[in-house]
Amino acid sequence: MAKDNYDQTNLNELTFKSAAPGYWADENVSPEDWNSHTWQLKNCVKSLEQIEKHLTLSEEERAGILLTGTKLATSVTPHFFNLIHPTDPGCPMRRQVIPRIEETYVDPADMKDPCGEDSHMPVPGLVHRYPDRVLFLVTDRCASYCRYCTRSRVVSGVSDQKLEIQWDQAIEYLKKTPQVRDVLLSGGDPLLFSDNKLEKLLTRLREIPHIQFLRIGSRIPIFLPQRITPALCGMLKQFHPLFISIHTNHPDELTSEVRDGLGRLADAGIQMGNQSVLLKGINDSVEIQRDLVHKLLMCRVRPYYLYQADLIEGTKHLRTGINKGLEIIEGLRGHTTGYGIPQYVVDGPGGGGKIPLNPEYVLDKNPERVILRNYEGKKFVYSEPIESKVPTS
Ligand SMILES: *Cc1c(COP(=O)(O)O)cnc(C)c1O
């Protein structure tokens, strides 16, 4: 029987703290600079020397920083860098953005393009896998680089494969493909564009009559909340219905600056969902996931997907088994707000698209009745309607 792990004392500790100025305390950074996204981007932490100024590194990390730079760049905004523990190599924030030597190990199961995107591009940068919607990769740059990036083969500009970006071709394809009613902008991170550049792109998409729904996938609200300015929100709200899928994995990423930025987006009428990746040693427990979804709801963000980690080259050390994800969903369903429960999915390796995974609640089934269990493990019988009793030979 599932035990109830809803611990009220722990809930009271869900606070939204600022970590600023943190490691920059001695550098006399003015609040104007700190709160400016251009200052944050200019001062991203990238080199071994800059990292070691603040963090005590393990051998695995130091070797990783020196050796992994041709696969995916290292870069962390000062805002996010402040969330990293100075000495603990197990710190969940550290493990997401500081490389380790394990990134150079290639497992036989690993793939360069685990979601099979390159083979589903009718024009460069536009992934058309599902009938009515497309993924439009509009840039190869992010504010910071996640070590488990599903697009590390083309993102950050250091690997041999470059993301080809052909906006005119992509827009032409969308114009002549009326079954596409939903365009998801991703990359890289589309919110790195200036307001002006993003507005021009959204305007061109909105001019296509059959495109009903726009969304942006972005980790900027987490890595660079300073980018979520009132001007950006005012621009975005002209393009409704516009949804934003944010990406956060651990409750400590939700600082007061992040909460305030998300609040500005929500006030602009933007519906937000969160996409998390299940990562070993980072968020692979019911307790962490429960705190994460509770904090997301407090930020007016609905947990959307929990992804099983893709089979990306050099990321085996960050992957859990699928049973862990099922255990997490089982630990949430019934135990907390239904709005807080993401759909657990695995991207079918090689290009199968998102496949939902759910704990088994059906214990037995025949044409007359289905035997179910609830979140507490109690059994229930549902009698099927008479129509379904037609004998099946
Ligand atoms: C995830 C994804 C989408 C969007 O899928 P939803 O389930 O609608 O969020 C669209 N295209 C591609 C290629 C994707 O990977």
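Keep in mind that this is a model prediction, so the values were computed, not measured. In each ligand, atom 1 is the first atom listed, and ligand 1 is the first ligand listed.
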Contact between Lys71 and Ser159 at the side-chain level, heavy atoms closer than 4.5 Å - yes or no? no
Check this for me: does any side-chain nitrogen of one of Asp284 and Lys324 sit under 4.0 Å from a carboxylate oxygen of the other? no
I want to confirm something. Looking only at heavy atoms, which of Leu135, Asp182, Asp347 is nearest to atom 12 (C) of ligand 1? Leu135
Per-atom filter on ligand 1: closer than 4.0 angstrom to a heavy atom of Arg133 are 5 (O), 6 (P), 7 (O), 8 (O)
Please, which pairs that meet side-chain hydrogen bond (donor to acceptor under 3.5 Å, both in side chains) have at least one residue in residues 221-230, sequence neighbours excluded? Asp195-Arg227
Distance in Å, Phe239 CZ paired with Ile216 CD1, rounded so as to fall on 0.5 Å steps: 9.5 Å
Taking the minimum heavy-atom distance to atom 6 (P) of ligand 1, which of Tyr304, Tyr130, Phe213 ranks first? Tyr304
Tell me which protein heavy atom sits closest to atom 13 (C) of ligand 1, plus the residue, atom name and distance to 0.1 Å. Val127 CG1, 3.6 Å
Other residues, nucleotides and ligands only: do more than 12 of their heavy atoms fall within 6.0 Å of CG on Asp160? no
For ligand 1, indicate whether the residue His120 contacts it via side chain, backbone, both or neither (heavy-atom separation under 4.0 Å). neither
Which atoms from ligand 1 have a heavy atom of Tyr305 less than 4.0 Å away? 6 (P), 7 (O), 9 (O)
the protein heavy atom lying closest to atom 5 (O) of ligand 1 turns out to be Lys354 NZ, 3.3 Å
Who clusters with Leu372? Use side-chain heavy atoms, under 4.5 angstrom, across I, L, V, M, F, W and Y, and order the result by chain and number. Val362, Val370, Tyr382
For Arg215, is the nearest heavy atom under 4.0 Å from an atom of ligand 1? yes
